[in-house]
Amino acid sequence: MHALKVTRAEDFPEWYQAIVREADLAELSPTRGCMIIKPWGYGIWERIQGELDRRIKASGHDNYYFPLLIPMSFIAKEAEHVDGFAKEMAVVTHHRLKAVDGVLKPDPEAELAEPFIIRPTSETIIGDAFSRWIKSYRDLPLKLNQWANVMRWEMRTRMFLRTAEFLWQEGHTAHVDRADAMDETMLALEIYRSFAEDYLAMPVMVGEKPENERFPGADCTYSIEAMMQDGKALQAGTSHYLGTHFAEAQNIRYQDKEGGLALAHTTSWGVSTRLIGGVIMTHGDDDGLRTPPAIAPRQVVIVPMLRGKPEDAEVSAYCQELAKELSALSAFGAEVRAFVDTKDMKGAEKRWDWVRRGAPIICEIGPRDAANGQVSFIKRIALREGEKVKTHMLERGAFIGAVASMLEETQTALFQEAKMRLDANIRDDITTFADLERYYGTDDEGGEFKGWARASWSRPTGAALDKVGEQLKSLKLTIRNAPLIQPASHAPCIFTGAPGVEQILIARAY
RNA sequence: CGGGGUGUAGCUCAGCCUGGUAGAGCAUUAGCUUUGGGAGCUAAGGGUCGCGAGUUCGAAUCCCGCCGCCCCGACCA
């Protein structure tokens with residue numbers, strides 16, 4: 001009997017929906033494709049924001065804020081960029097409503113001369129500012145970041161993974177030349193890799209996207225890719241070197257040391273609330289989420305087991321005192337987040353609510369614990385022994401002394417578990433397209449776990465690459481990226497048999 | 001936008017084929033019992049059966065149209 005009604009093995013998409021709802025992460029709003037993010041989900045996002053913001057600032061970036069609405073003409077400036085985003089844009093055309101026959105409608109008299117689009121990303125409006133701010137080589141590099149909401153009118157949405165509105169961070173930088181901009185692109189990518197692995201306990205493969213998967217308007221795109229528990233890949237972060245495309249389109253020029261006029265080289269990079277979807281599908285189990293302690297809004301939850309009897313007062317006081325002592329500890333370089341759940345409901349139900357949310361340590365304190373100075377607790381990472389919930393017990397001082405290391409060990413163990421899954425499920429033995437067909441082409445609906453393939457290719461371009469894309473699409477596969485770490489020599493290309501030039505990761509993707 | 005499924009109480013669903021007073025479990029509220037851990041009994045509240053038009057004496061049920069949601073595609077962080 002698990003805490004969720006559906007198990008991962010029975011129906012992974014249903015399980016995902018169940019965990020989002022049951023762990024109090026988010027729910028669908030009346031606004032099409034948009035989420036209401038609830039406290040446990042938003043609390044995780046706040047932890048993500050806090051730590052990532054610290055790392056972004058520490059690496060020399062400042063925060064700015066640009067408008068939600070972008071003049072429509074701006075988006076038209078970079079041709080590839082328009083093609084990439086035009087189909088999914090929300091447009092603001094009026095500035096007033098009017099009741100016509102009792103029905104509110106945009107007032108025809110109030111149509112805007114130039115419509116606005118709701119930002120799907122901010123390259124164009126930030127580029128416009130860059131063109132005014134950047135005059136001299138002394139103004140470079142310009143490294144900024146913004147935390148914002150963006151909107152893309154997606155045809156099909158999935159909670160956290162693809163919603164019409166989502167929250168993200170977008171870095172935008174300008175540099176004197178390609179080398180400096182590439183250093184920045186790789187710096188952002190490394191921030192994402194280390195953040196995903198250290199803070200989200202989510203191991204990733206870092207690499208360059210093939211030409212057909214690039215961001216619209218980019219010279220090259222890099223990504224971090226994580227493996228979900230159904231074997232699919234999730235693009236968890238991207239970093240783009242934009243070359244001089246946006247600089248040309250928006251006239252971002254500077255006077256160099258020699259007095260000549262040069263185009264700036266720009267970058268952009270972002271991660272979004274999608275990371276939370278990645279955390280769910282990396283660490284969730286059939287009892288709910290197992291929130292990595294570093295990002296858990298509450299790390300130690302204390303549930304008083306009250307009975308409506310006189311000794312309740314002592315139990316409550318004991319719990320409060322325990323929380324106070326735990327809050328004085330530190331883990332992951334910050335105060336331990338301890339919480340006493342005083343809500344007036346049955347203790348057993350509160351326990352299961354916290355199990356589903358994935359609080360790392362859940363203490364259940366009854367009269368006997370209070371009287372004997374001990375702590376009964378469960379560890380969310382290893383909730384059960386067989387079918388039964390495993391309860392641990394420690395003397396109070398011993399428990400307090402062990403909490404910080406338990407949290408840190410939990411973080412490490414979650415990472416190790418996910419890392420082993422990733423490493424064990426990347427196949428290196430696929431050397432021809434026929435191998436790929438054999439592995440991915442059969443028994444699609446059985447729900448059998450299929451991981452990724454690492455194979456050599458000759459990096460075709462243009463029409464040849466399109467053909468490769470079609471071949472892969474027939475197996476519902478995509479090229480995720482070409483890992484940065486490459487072997488010294490390469491086997492023949494699995495698509496063409498030509499000499500291989502690099503290894504790529506092939507997978508089904510979200 | 002294509003293919004499939006589905007819309008009935010806060011949630012999960014039955015009832016629909018074969019038209020005849022709106023159902024269950026969970027949740028909520030109240031009372032009693034229980035108390036080392038997802039309790040039991042009793043009672044109560046809660047629904048224009050997705051929306052609109054039609055057939056009929058009578059529609060949750062049959063017919064037509066529309067809409068939402070879920071899954072699989074196309075598109076994408």
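Treat the numbers as computed from the prediction; the structure is a model and nothing was measured. Note on naming: letters A, B, ... go to the chains in the order of the sequence lines (proteins, then strands), and numbering restarts at 1 for each one. Every heavy atom of this structure was used, including side-chain atoms; hydrogens, water molecules and symmetry mates were not.
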>> Under the rule for salt bridge (charged side-chain N to carboxylate O under 4.0 Å, His left out), what residues qualify as partners of A:Asp341, not counting sequence neighbours?
In response: none

> Does B:G73 have OP1 or OP2 sitting under 4.0 Å from an N or O in the side chain of A:Lys476?
Replying inline: yes

>> Need the pair for B:G73. Rule: Watson-Crick or G-U wobble, both distances under 3.5 Å, any strand; none if unpaired.
In response: B:C1

Check nucleotides 1-4 of chain B against the protein and report each pair of N or O atoms closer than 3.5 Å, with its distance, or say if there are none.
none

> Who is the Watson-Crick or G-U wobble partner of B:A59, with both distances under 3.5 Å?
Replying inline: none

> Under a 4.5 Å cut-off applied to non-hydrogen side-chain atoms, are A:Pro483 and A:Leu505 in contact?
Replying inline: yes

> For atom P, what is the distance between B:G7 and B:C49, given to the nearest Å?
Replying inline: 15 Å

>> If I take atom CG in residue A:Leu477 and atom P in nucleotide B:A74, what distance separates them, rounded to the nearest angstrom?
In response: 11 Å

>> Please give the distance between the C1' atoms of B:A39 and B:A60 as a whole number of Å.
In response: 36 Å

>> Which nucleotide wins on minimum distance to the side chain of A:Ala3, given the candidates B:A77, B:G38, B:G37?
In response: B:G38

> Quick one: A:Arg307 CZ to B:U33 P, roughly how many Å, whole number?
Replying inline: 17 Å

> How far, in whole Å, is B:G45 from B:U6 if one measures between their C1' atoms?
Replying inline: 29 Å

>> So if I take every side-chain heavy atom of A:Arg152 and compare against B:G37, B:C71, B:A77, which nucleotide ends up nearest?
In response: B:A77

> What is the distance from CG of A:Asp312 to P of B:U35, rounded to the nearest Å?
Replying inline: 14 Å

> B:C63 and B:U18: how far apart are their P atoms, nearest whole angstrom?
Replying inline: 10 Å

>> Only pairs with both distances under 3.5 Å count, Watson-Crick or wobble alike; so what is the partner of B:G31 in this structure?
In response: B:C41

> What is the base-pairing partner of B:G52, counting Watson-Crick and G-U wobble geometry with both distances under 3.5 Å?
Replying inline: B:C64

> Side-chain contact, heavy-atom cut-off 4.5 Å: A:Arg274 with A:Leu234?
Replying inline: yes

> With respect to the side chain of A:Lys346, which nucleotide from B:A77, B:A39, B:G37 is positioned closest?
Replying inline: B:A39

> Taking the same atom, C1', in B:A9 and in B:G20, what whole-Å distance lies between them?
Replying inline: 23 Å

> Among the nucleotides B:G37, B:G38, B:C70, which one has an atom lying closest to any side-chain atom of A:Gln17?
Replying inline: B:C70

> CZ of A:Arg158 versus C1' of B:C75: gap in Å, rounded?
Replying inline: 15 Å

> Any idea which of B:A39, B:C72, B:A77 is nearest the A:Ser272 side chain?
Replying inline: B:A77

>> Distance to the ring centre below 6.0 angstrom and angle to the axis at most 45 degrees; does that hold for A:Arg396 and A:Tyr318?
In response: yes

> With nearest nucleotides of RNA chain B determined for A:Gly366 and A:Leu234 from heavy-atom distances, which residue corresponds to the more 5′ nucleotide?
Replying inline: A:Gly366

> Expressed in angstrom and rounded to an integer, what is the separation of A:Met151 atom CE from B:C75 atom P?
Replying inline: 22 Å

> Which sits closer to the 5' end of RNA chain B, A:Leu28 or A:Arg274, going by the nucleotide each is nearest to?
Replying inline: A:Leu28

> Would you say the side-chain atoms of A:Ser122 and A:Gln146 include a donor-acceptor pair closer than 3.5 Å?
Replying inline: yes

> Do A:Val20 and A:Met35 have side chains that get closer than 4.5 Å, going by heavy atoms?
Replying inline: no

> Nearest of B:G37, B:C75, B:A77 to any side-chain atom of A:Lys473?
Replying inline: B:C75

> Mind checking whether A:Val315 and A:Arg307 have side chains closer than 4.5 Å, heavy atoms only?
Replying inline: no

>> Work out how far the P atom of B:G2 is from that of B:G65, and round it to whole angstrom.
In response: 14 Å

>> Check this for me: does any side-chain nitrogen of one of A:Glu51 and A:Arg55 sit under 4.0 Å from a carboxylate oxygen of the other?
In response: yes

> Mind checking the C1' distance from B:U61 to B:C16? Whole angstroms is fine.
Replying inline: 4 Å

> Given side chains that start at C-beta, do those of A:Phe130 and A:Leu144 come closer than 4.5 Å, heavy atoms only?
Replying inline: yes

> To the side chain of A:Lys309, which of B:C76, B:U35, B:G37 is closest?
Replying inline: B:U35

> If you look at every strand shown and take non-hydrogen atoms under 4.0 Å, does A:Thr238 touch a base, only sugar-phosphate, or nothing?
Replying inline: nothing

